[in-house]
Amino acid sequence: MAKASRTTAPVKAGAKAPSKAAGTAKPKAPVAKAAKPKAAAAPVRASTKPAAKAPAKAAAGKTAPGRKAGAAKPAARPASKAAAAKPADATANRLPKALTALAAGLPEKPWLKSYPKNVQAEIGALPYSSIGDFLVAACKQFSAQPAFTCMDKSISYTDVERLSAAFGAYLQSKGLQKGARVALMMPNVLQYPVAMMAILRAGYVVVNINPLYTPRELEHQLKDSGAQAIVILENFANTLQAVIARTAVKHVVVAAMGDMLGGLKGTIVNFVVRRVKKMVPAWSLPGHVKFNAAMKAGAGLGFRPAKVEADDVAFLQYTGGTTGVSKGATLLHSNVLANVAQNAQWMEDAYTIKPKPAHPNFICALPLYHIFALTVNALMGMQQGARNVLIPNPRDIPGFVKELQKYPVHIFPGLNTLFNALLNNEDFRKLDFKPLVLTLGGGMAVQKGVAERWKALTGCSVTEGYGLSETSPVATANKFTAGDFTGTIGLPLPSTEIAIRDEDGNNLPLGEVGEVCIRGPQVMAGYWNRPDETAKVMTKDGYFKSGDMGFMDERGYTKIVDRKKDMILVSGFNVYPNELEEVVAMHPGVLEVAAIGVPDEHSGEVPKLFVVRKDPALTAEALTAFCRENLTGYKRPRYIEFRTELPKTPVGKILRRALRE
């Protein structure tokens with residue numbers, strides 16, 4: 001993203017290091033990096049049981065990196081052949097005394113007393129062992145109903161089943177073996193769900209790739225995953241052209257925006273995209289096959305459903321641009337199916353407020369290559385028999401609103417920046433929000449001011465949840481019946497446990513800030529081919545260390561205060577950027593804000609704000625006065641920089657890392 005014009009103003013107020021009298025908060029010691037486990041050979045499997053088996057050595061030909069004999073599986077998971085493997089160490093069948101002592105004095109799952117009345121604590125046995133089987137069953141159940149709509153063209157559940165079988169047959173005809181990685185590099189177009197379902201049904205692994213990646217980023221992901229095939233929108237084919245010779249990719253399928261929109265309309269759309277808007281740079285990929293040609297070839301072949309088991313790999317979901325070097329979270333079929341089951345059970349709470357629509361419409365503005373939309377839109381939508389309205393470019397807010405005018409909106413997953421942008425659009429404010437059942441907030445912290453404005457306009461609260469690529473993604477969520485915005489990430493989903501731990505791995509009392517750790521059937525098998533990185537984030541008792549700092553209250557609700565690495569340390573005082581951003585965003589002249597720490601010779605670090613104005617007349621002095629009224633001395637920004645825009649990921653999360661560079 002090109003740098004915008006900026007204005008920097010030093011802020012004199014609050015520049016001194018805080019004294020003992022400054023504010024009521026006690027200074028906390030700097031949070032050190034979590035201690036590494038001794039074992040670093042293989043990914044550790046998450047479990048909802050208290051005991052964890054030692055990971056077995058990686059074996060050639062297994063579907064997960066070092067996975068087959070992982071930690072004990074939760075009771076909710078279907079049995080698999082891996083469960084019979086003996087632990088490498090007989091003592092691994094029980095928790096060490098030190099770990100048992102961690103739980104001493106803590107309430108037993110305090111969140112359960114806050115659960116909705118119609119939601120069980122556990123999800124039970126999964127009815128399907130593979131995502132392909134689950135999706136085929138949904139297609140049979142909902143047959144003629146629309147499954148996906150894009151640019152006014154709809155495909156039914158029957159269509160999705162038929163088309164995915166054709167594309168799956170084409171891939172099989174290329175000689176790809178079970179477990180082969182197939183990359184998808186497309187925005188929200190109809191080809192995505194068809195290709196995704198085809199890959200999974202054929203026994204392959206989906207490697208989701210951000211279509212806006214640079215050649216360097218694309219090359220890393222293709223080489224790291226070992227992808228042998230790729231389905232790519234022609235708009236981004238020139239990026240692949242630059243790196244394909246240095247990768248293992250042998251099969252390239254190139255799609256165009258209009259491929260699945262029908263004869264005349266598809267031709268017109270392709271002409272406009274290529275010739276009028278000039279959105280397709282020149283490219284050359286010798287030996288490539290056009291998407292529609294692959295579909296036609298596959299339709300003439302017989303599709304052979306692969307034998308896929310629960311502990312086979314389904315997705316390599318690479319961590320986003322906020323976490324440094326991208327690593328592939330290895331998500332098994334059972335991980336993703338468990339999260340679908342968890343979310344489905346949790347959604348029943350919503351239907352006690354408003355009945356489930358006969359034909360629900362999900363708005364899919366978040367990109368399907370991102371884990372949030374992948375699970376919450378594509379997979380949950382099909383589980384519910386819903387239509388997903390695909391929005392290829394949600395940054396075009398006027399165009400997005402025009403799409404929203406065409407359908408009753410029932411389920412709206414989004415994130416803070418998207419909600420904020422829509423609230424500032426006059427045509428959006430004129431929409432009929434009576435059909436709206438759920439607004440789901442994730443991906444980043446939802447600010448209180450945005451949530452309050454959303455409810456005032458739509459009558460529907462933003463229900464905030466929390467998760468990561470490594471947790472398929474949802475780990476916690478607020479109750480839909482809660483009513484008002486809570487400012488927390490809610491309660492652990494069924495079959496999920498949350499522990500708040502210090503830097504030495506000790507459980508902390510309720511109310512104390514520590515690292516949020518997650519255990520459950522949705523937690524990844526590990527990072528693809530990175531046992532070293534896996535060992536850094538998986539504990540011996542099966543918890544995933546999220547890197548987020550938070551605390552749990554007596555009701556079992558967890559509040560995220562910030563990313564561990566984003567915390568600002570001002571003279572020994574912890575300052576959390578999320579808090580600063582939420583306060584500053586309440587100023588009526590602020591459109592967007594991000595906070596980071598910058599070096600200071602007296603305090604170690606001091607806060608700096610990056611602000612996009614809503615009111616062009618807003619000054620640094622006015623904002624400083626506002627902060628003085630709402631923040632204690634050491635939390636106040638020392639510097640304020642105005643910009644016309646802030647760097648964001650394609651999903652819309654503000655990139656603090658880019659602001660620090």
Side-chain angles (χ1 to χ4, degrees), residues 4-19 21-25 415-417 419-424 441 444-457 462 484-487 559-563 566-571 573-598 600 602-603 605-648 653-656 659-660:
S5 60
R6 61 186 78 172
T7 306
T8 304
V11 178
K12 295 179 180 180
K16 294 181 180 180
S19 65
T24 57
L415 71 170
N416 190 79
T417 49
F419 298 144
N420 189 36
L422 289 169
L423 287 167
N424 289 305
M444 64 183 294
V446 177
Q447 294 169 344
K448 183 179 180 181
V450 171
E452 289 175 344
R453 290 169 60 209
W454 184 272
K455 185 173 183 180
L457 175 66
V462 176
D484 293 330
F485 178 72
T486 69
K559 170 76 174 178
I560 296 290
V561 294
D562 230 308
R563 286 293 295 174
D566 285 340
M567 188 178 66
I568 305 167
L569 195 63
V570 181
S571 296
F573 287 73
N574 291 346
V575 178
Y576 298 103
N578 276 357
E579 180 188 6
L580 270 65
E581 291 166 2
E582 183 160 322
V583 168
V584 175
M586 293 170 64
H587 191 289
V590 172
L591 180 64
E592 291 182 331
V593 59
I596 64 168
V598 295
D600 181 81
H602 300 294
S603 305
E605 283 186 306
V606 292
K608 177 178 179 178
L609 296 181
F610 295 84
V611 176
V612 177
R613 296 181 178 99
K614 181 189 295 184
D615 177 3
L618 178 66
T619 65
E621 290 74 21
L623 208 50
T624 299
F626 182 81
C627 291
R628 191 180 300 116
E629 293 175 5
N630 292 281
L631 294 166
T632 192
Y634 68 91
K635 294 181 180 179
R636 295 172 193 158
R638 176 76 175 274
Y639 302 99
I640 296 175
E641 182 174 316
F642 291 104
R643 293 193 175 188
T644 56
E645 60 180 8
L646 297 179
K648 298 184 183 74
K653 290 172 66 173
I654 293 171
L655 275 170
R656 291 181 186 142
L659 294 172
R660 285 193 290 264

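What you find for Ile596 and Leu659 is that their closest heavy atoms are CD1-O, 3.8 Å. In terms of heavy atoms, Leu646 sits closest to Glu592 at CD1-CB, 3.9 Å. The two residues Leu623 and Ile640 have their closest heavy-atom pair at CB-CD1, 3.9 Å. Of all heavy-atom pairs between Pro607 and Leu580, the closest is CB-CD2, 3.6 Å. Heavy atoms only, all atoms of each residue included: Thr619 and Phe642 are closest at C-CZ, 3.8 Å. Nearest heavy-atom pair, Asn424 versus Asn420, reported as atom, atom and distance to 0.1 Å: ND2-O, 2.9 Å.
One distance of note links CZ of Arg643 with CG of Leu609; it measures 12.5 Å at 0.5 Å rounding. With values rounded to the nearest 0.5 angstrom, Glu629 atom CD is found 10.0 Å from Arg636 atom CZ.
Within 6.0 Å of NZ on Lys455 lie more than 12 heavy atoms contributed by other residues, nucleotides or ligands.
Evaluated for a salt bridge (charged side-chain N to carboxylate O under 4.0 Å, His left out) with Lys635, the options Glu579, Glu581, Glu582 yield exactly one hit, Glu579.
Put simply, the side chain of Phe485 reaches to within 4.5 Å of the side chain of Lys448, judged on heavy atoms. Val570 is not listed as a side-chain neighbour of Arg638, based on a closest heavy-atom distance of 4.5 Å or more.
Residues passing the ring-ring contact (aromatic ring centres under 6.0 Å, His included) test with Phe626, sequence neighbours excluded: His587. For Glu605, the side chain to side chain contact (heavy atoms under 4.5 Å, CB included) partners are Ile568, Leu569, not counting sequence neighbours.
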Query raised in the report: Please walk me through it: do Arg660 and Asp566 pass salt bridge (charged side-chain N to carboxylate O under 4.0 Å, His left out)?
Result: CA-CA 10 Å; Arg660 285 193 290 264; Asp566 285 340; 3.1 Å; yes

**Report entry** Residues Cys627, Val584; criterion side chain to side chain contact (heavy atoms under 4.5 Å, CB included); working and verdict
**Finding:** CA-CA 7 Å; Cys627 291; Val584 175; 3.9 Å; yes

Requested in this report: Decide side chain to side chain contact (heavy atoms under 4.5 Å, CB included) for Val598 and Val606; before the verdict, give the C-alpha distance in whole Å, the side-chain angles of both, and the deciding distance to 0.1 Å.
Outcome: CA-CA 6 Å; Val598 295; Val606 292; 3.7 Å; yes

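With hydrogens and angles disregarded, a donor-acceptor distance shorter than 3.5 Å links the side chain of Arg613 to the backbone of Leu618. Using a distance-only test at 3.5 Å, with no hydrogens or angles considered, no donor-acceptor pair links the side chain of Asp562 to the main chain of Met567.
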